[in-house]
Amino acid sequence: LAARTGTATEDEYRLFYLFGAILNVAWLAVGTLYVAARRSIADAGFVFVYLLSVVATLVVFTSPVDLGAALDTGKGFDRAPLARILAGVGSGLGTVVLFGGALRSAWVFLRRRHNGRRALANAIIAVGVLIVAAGGTATFTGASGLVDVTNLVGVSVMFAGFLLVR
């Protein structure tokens, strides 16, 4: 519908917010836990993010949306603080796990002297995570127009890190 009319619907914004602001980074972090942490910690992270997903879905689809504010400033849930808090929890904790996992991997590879390229790749991925997080944080605090650029740059940096491993 947005492609036909040029504007988003409330349901489109709700889906964008649920997956983009709350759940995407959180689920990526679960994958990082399964790669970099003990199984019991990864399992606990999975349960936490699963429950976060259920609660966030209920909150996002029952909270009032100001579609005008959403399109202008990205703050469509200004009158629904729980949705914004859940975005901070999902993206914030997820970012910490992704950043920490990339740095941990960089350190592990750096200690193995013949894996310097993989260490550098993981450090680059960690920088990309911070770039994306900076854009999301700026948008969360009221800046507009940054998240598209920071997502593009951050994901490109992460992809460059991925390519360096190959």
Side-chain angles (χ1 to χ4, degrees), residues 13-57 59-60 70 73-77 80-166:
Y13 181 75
R14 290 175 196 278
L15 286 169
F16 165 78
Y17 199 86
L18 178 65
F19 291 107
I22 301 173
L23 298 180
N24 183 36
V25 178
W27 280 106
L28 288 171
V30 170
T32 298
L33 289 175
Y34 276 106
V35 170
R38 290 192 316 262
R39 177 68 187 243
S40 60
I41 293 171
D43 288 344
F46 174 84
V47 170
F48 176 79
V49 173
Y50 179 82
L51 293 173
L52 174 70
S53 299
V54 171
V55 171
T57 300
V59 168
V60 165
T73 65
K75 290 185 171 184
F77 286 108
L82 186 53
R84 292 176 53 84
I85 290 167
L86 292 173
V89 169
S91 291
L93 290 177
T95 295
V96 169
V97 170
L98 289 174
F99 182 73
L103 286 183
R104 180 188 176 280
S105 293
W107 177 250
V108 167
F109 287 126
L110 187 63
R111 289 181 47 194
R112 298 178 189 163
R113 302 225 185 265
H114 62 282
N115 282 317
R117 187 175 175 147
R118 286 187 175 183
L120 178 60
N122 277 279
I124 290 170
I125 290 168
V127 169
V129 168
L130 286 182
I131 293 169
V132 171
T137 301
T139 300
F140 187 77
T141 59
S144 60
L146 290 175
V147 76
D148 297 336
V149 173
T150 56
N151 281 349
L152 174 64
V153 172
V155 169
S156 298
V157 169
M158 285 186 264
F159 187 62
F162 168 77
L163 291 177
L164 189 59
V165 174
R166 298 183 80 219

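All values below come from the heavy atoms of this structure, side chains included, with hydrogens, waters and symmetry mates left out. We number each residue from 1, following the sequence as shown. Note that the coordinates shown come from a computational prediction; the quantities given were computed from them, not determined experimentally.
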ask   = Is a side-chain N or O of R84 found less than 3.5 angstrom from the main chain of F77, in a donor-acceptor match?
value = no

task = Give a yes or no on whether the backbone of R118 and the side-chain of N122 come within a donor-acceptor separation of less than 3.5 Å.
result = yes

ask   = Between W27 and F46, is the gap from one ring center to the other below 6.0 Å?
value = yes

query = Between I131 and V157, what is the shortest heavy-atom contact and its length?
reply = CD1-CG2, 4.0 Å

query = Roughly how far, to the nearest 0.5 Å, is CG of L120 from CD1 of I125?
reply = 10.0 Å

inquiry  = Is it the case that atom OH in Y34 sees more than 12 heavy atoms from other parts of the structure closer than 6.0 Å?
reply    = yes

query = Looking at L98, V132, I124, which one forms a side-chain contact (heavy atoms from CB on, under 4.5 Å) with M158?
reply = V132

Closest contact, heavy atoms only, L103 versus A126 = CD2-CB, 3.9 Å

query = Yes or no on side chain to side chain contact (heavy atoms under 4.5 Å, CB included) for N24 and L28, after CA distance, side-chain angles and deciding distance?
reply = CA-CA 6 Å; N24 183 36; L28 288 171; 4.1 Å; yes

task = Drop me the distance from R14's CZ to F19's CZ, to the nearest 0.5 angstrom.
result = 14.0 Å

query = Looking at L86 and V55, what are the two nearest heavy atoms and their distance?
reply = CD1-CG1, 4.1 Å

inquiry  = Please report the interatomic distance CG(L146) to OG1(T137), rounded to the nearest 0.5 Å.
reply    = 11.0 Å

request  = Taking all heavy atoms of A83 and all of Y17, pick out the closest pair and write down the distance.
outcome  = O-CE2, 3.6 Å

query = Taking all non-hydrogen atoms of both residues, which atom of A26 and which atom of L52 are closest, and how far apart?
reply = CB-CD2, 4.1 Å

remark   = Tightest non-hydrogen contact, residues S53 and L23, listed as OG-CD2, 3.4 Å

